[in-house]
Amino acid sequence: MKSAVETLNPTRVRLTVEVPFEELKDSLDAAYKKINQQVTVKGFRKGKIPARVIDQRFGRGAVLEEAVNDALPKFYTEAVNEGELNVLGQPEVDITELKDGELLAFTAEVDIRPALEIPDYSGIEVEVDAVEVSDEDIDKSVEQLRERFASTSPVERAAQDGDVLTLDLEAKVDGEVLEDGVAQGVSYTVGSGELLDGIDEAVKGVEAGGSATFTSELKGGSAQGKEAEVKVDVTAVAARELPELDDDFAQLASEFDTLDELKADSSKRLAQMKKYDQATQAQEKVLDELLKLVEVPIPEKLLADEMETRKHNLVNHQLGQMGLDLAKYLEIQGKSEEEFDAETKEQAEKGIKTQFILDELVNKEKLNVSQEELTEHLMRRAQSSGMSPDQFAQAVVEGGQVPMLVGEVARGKALAVVVEAATVKDTKGEVVDLDDEDETAETVQAESEGTDEAAAEEKNEG
């Protein structure tokens with residue numbers, strides 16, 4: 001077999017392949033065998049029909065077509081390996097010549113990863129927020145804990161902000177009660193902004209046993225998006241009572257004996273959270289600076305596929321769970337479809353560039369992924385997906401996505417190398433020492449690149 005590579009542009013090549021006919025022998029034999037099992041000829045046992053009879057009865061062309069279809073993937077793969085190409089997606093194959101007994105020739109156009117030059121990135125400098133925990137931050141944290149330990153008690157007065165009500169609801173559209181528009185015994189905190197627009201104004205001032213009616217646009221259900229007349233019956237009013245902020249509360253809500261100890265622990269935890277946020281911010285900013293340093297041509301089809309994947313995931317998964325369609329989502333966001341498409345394209349381009357650059361760094365820095373690192377990453381991904389580690393691992397293996405996870409870990413390590421080489425200072429001018437940056441880097445680059453595109457690409461490359 002002979003093959004040649006023609007570069008059409010930085011992300012696409014054309015392979016020209018010539019195969020001597022004798023190299024098709026195995027595929028021809030397989031073709032005759034397959035046809036033998038599919039047809040019957042009077043006078044011959046099934047599977048024992050001679051090749052010459054098959055040629056006479058069904059045509060040599062049918063045999064050649066079957067043989068070529070069987071052989072093409074093998075010869076294409078050999079040509080890709082011979083040309084040392086890093087291909088993306090499926091090729092467009094065109095058979096240019098097929099001479100029985102002499103020659104098979106074909107061309108294959110396919111997208112490839114562009115060759116990238118990674119410049120010196122040690123000069124990258126970014127600024128991040130300083131880690132500061134204010135008294136206001138501590139008070140807010142303790143107040144949130146206090147809210148969790150609030151109790152309620154029935155009151156005989158009109159409902160007001162902060163009260164917990166028990167409600168019965170009935171929604172009508174065009175005068176007809178909706179089948180899914182009736183709910184009883186609903187617990188609702190006045191002022192929370194949950195349930196339906198307009199409900200807070202309707203129930204304020206209403207006592208237990210009272211009713212109110214208001215109109216609201218339904219956010220889900222059979223009449224989603226329609227204006228409904230909603231009747232609300234208040235069956236109970238309860239006031240929320242917060243515990244006193246003292247040492248007794250500290251003992252009730254924590255393992256600490258005093259309120260001062262509880263506040264000190266809150267300060268420590270808030271500092272850790274802000275440190276993590278600082279590390280995440282550093283990763284994101286360093287990645288943005290790295291992307292500016294490298295010119296990355298993007299295959300048009302890969303970009304189109306990634307945009308379609310992102311749009312599909314938004315519409316069918318995220319919006320679907322919220323009971324919204326794309327049109328309603330854009331209306332809420334105040335965006336036109338053109339603006340949405342432009343943003344999706346920008347995000348897809350960033351994701352692809354991130355993956356290409358970090359993969360190049362993985363090779364350049366000769367980074368490997370250990371079993372321990374892969375297991376730790378799998379545990380984190382399982383936790384974020386809401387699945388048990390065993391369930392998530394099984395899904396990954398069955399979906400053939402282990403290479404995808406390995407790639408995520410490797411790219412996280414590559415980004416950590418860049419961050420380590422960069423200068424990171426906070427808003428006070430102090431140099432920031434980032435801990436646990438490997439884990440943060442994996443999170444940042446995975447969010448930036450679009451996991452579905454990575455999974456599809458790994459599958460195509462495999």
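All values derive from a computational prediction rather than experimental measurement. Numbering of residues begins at 1 and proceeds along the displayed sequence.
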Any donor-acceptor N/O pair, Lys413 side chain to Val362 backbone, under 3.5 Å: no
Closest heavy-atom pair and its distance - Ala183, Val186: CB-CG2, 3.8 Å
Please report the closest heavy-atom contact between Ala236 and Ala208, naming both atoms and the distance. CA-CB, 4.0 Å
Show, in sequence, the C-alpha distance, side-chain angles and deciding distance for Glu229 and Thr213, and conclude whether the side chain to side chain donor-acceptor pair (under 3.5 Å) test is met. CA-CA 7 Å; Glu229 182 182 88; Thr213 302; 5.8 Å; no
Criterion side-chain contact (heavy atoms from CB on, under 4.5 Å) on Met1 and Val17, from CA distance to verdict: CA-CA 7 Å; Met1 187 195 81; Val17 183; 3.7 Å; yes
For Asp200 and Gly191, indicate whether the former's side chain and the latter's backbone hold a donor-acceptor pair under 3.5 Å. yes
Spacing of CG belonging to Leu293 relative to CG belonging to Asp288, to within rounding of 0.5 Å: 11.5 Å
Could you tell me whether a side-chain N or O of Glu261 sits under 3.5 Å from a main-chain N or O of Asp257, the two making a donor and an acceptor? yes
Which heavy atom in Leu196 sits nearest to a heavy atom in Ser216, and how many Å separate them? CB-OG, 3.8 Å
How long is the span from the CD atom in Glu339 to the OG1 atom in Thr344, to the nearest 0.5 Å? 11.5 Å
With rounding to the nearest 0.5 angstrom, report the CD to CD distance, Glu306 to Gln347. 10.0 Å
Treating Thr235 as the side-chain partner and Thr166 as the backbone partner, does any N or O pair qualify as donor plus acceptor under 3.5 Å? yes
Any sub-3.5 Å donor-acceptor pair from Asp168's side-chain atoms to Gly185's backbone N or O? yes
Between Asp137 and Val133, is there a donor-acceptor pair closer than 3.5 Å when you use the side chain of the first and the backbone of the second? no
Gap between atom CD of Glu244 and atom CG of Leu259 - 0.5 Å precision: 11.0 Å
For the side chain of Thr7 and the backbone of Asn9, is there at least one donor-acceptor N/O pair under 3.5 Å apart? no
Quick check: does any side chain N or O of Gln278 sit under 3.5 Å from a backbone N or O of Asp129, one acting as donor and the other as acceptor? yes
What's the verdict on salt bridge (charged side-chain N to carboxylate O under 4.0 Å, His left out) for Arg113 and Asp359, showing C-alpha distance, side-chain angles and the deciding distance? CA-CA 10 Å; Arg113 279 178 178 258; Asp359 282 346; 2.9 Å; yes
Start with the C-alpha distance between Asp260 and Thr258, add both sets of side-chain angles, then the distance that settles side chain to side chain donor-acceptor pair (under 3.5 Å), and finish with yes or no. CA-CA 5 Å; Asp260 286 342; Thr258 68; 5.4 Å; no
Looking only at heavy atoms, what is the nearest atom pair of Pro297 and Leu116, with distance? CD-CD2, 4.4 Å
Is a side-chain donor or acceptor of Ser141 paired with a backbone partner of Ile138 at a separation under 3.5 angstrom? no
Ile118, Leu367, Val417 screened by side chain to side chain contact (heavy atoms under 4.5 Å, CB included) with Leu361, the one that passes: Ile118
Value for CZ (Arg240) from CD (Glu147), rounded to nearest 0.5 Å, stands at 4.5 Å
What one should report as the nearest heavy-atom pair of Lys301 and Asp111 is CB-OD2, 3.8 Å
Heavy-atom pair with the smallest gap, counting every atom of Ala239 and Arg157: CB-NH2, 3.6 Å
Please assess Val177 against Val182 for the test side-chain contact (heavy atoms from CB on, under 4.5 Å), listing each intermediate value before the final yes or no. CA-CA 8 Å; Val177 178; Val182 178; 3.7 Å; yes
Side chains of Ser153 and Glu241: donor-acceptor distance under 3.5 Å anywhere? yes
Just by modelled atom types, is the Gln251 backbone N or O under 3.5 Å from a matching donor or acceptor in the Ser254 side chain? no
Measuring from Gln333:CD to Lys328:NZ, what's the distance to the nearest 0.5 Å? 12.0 Å
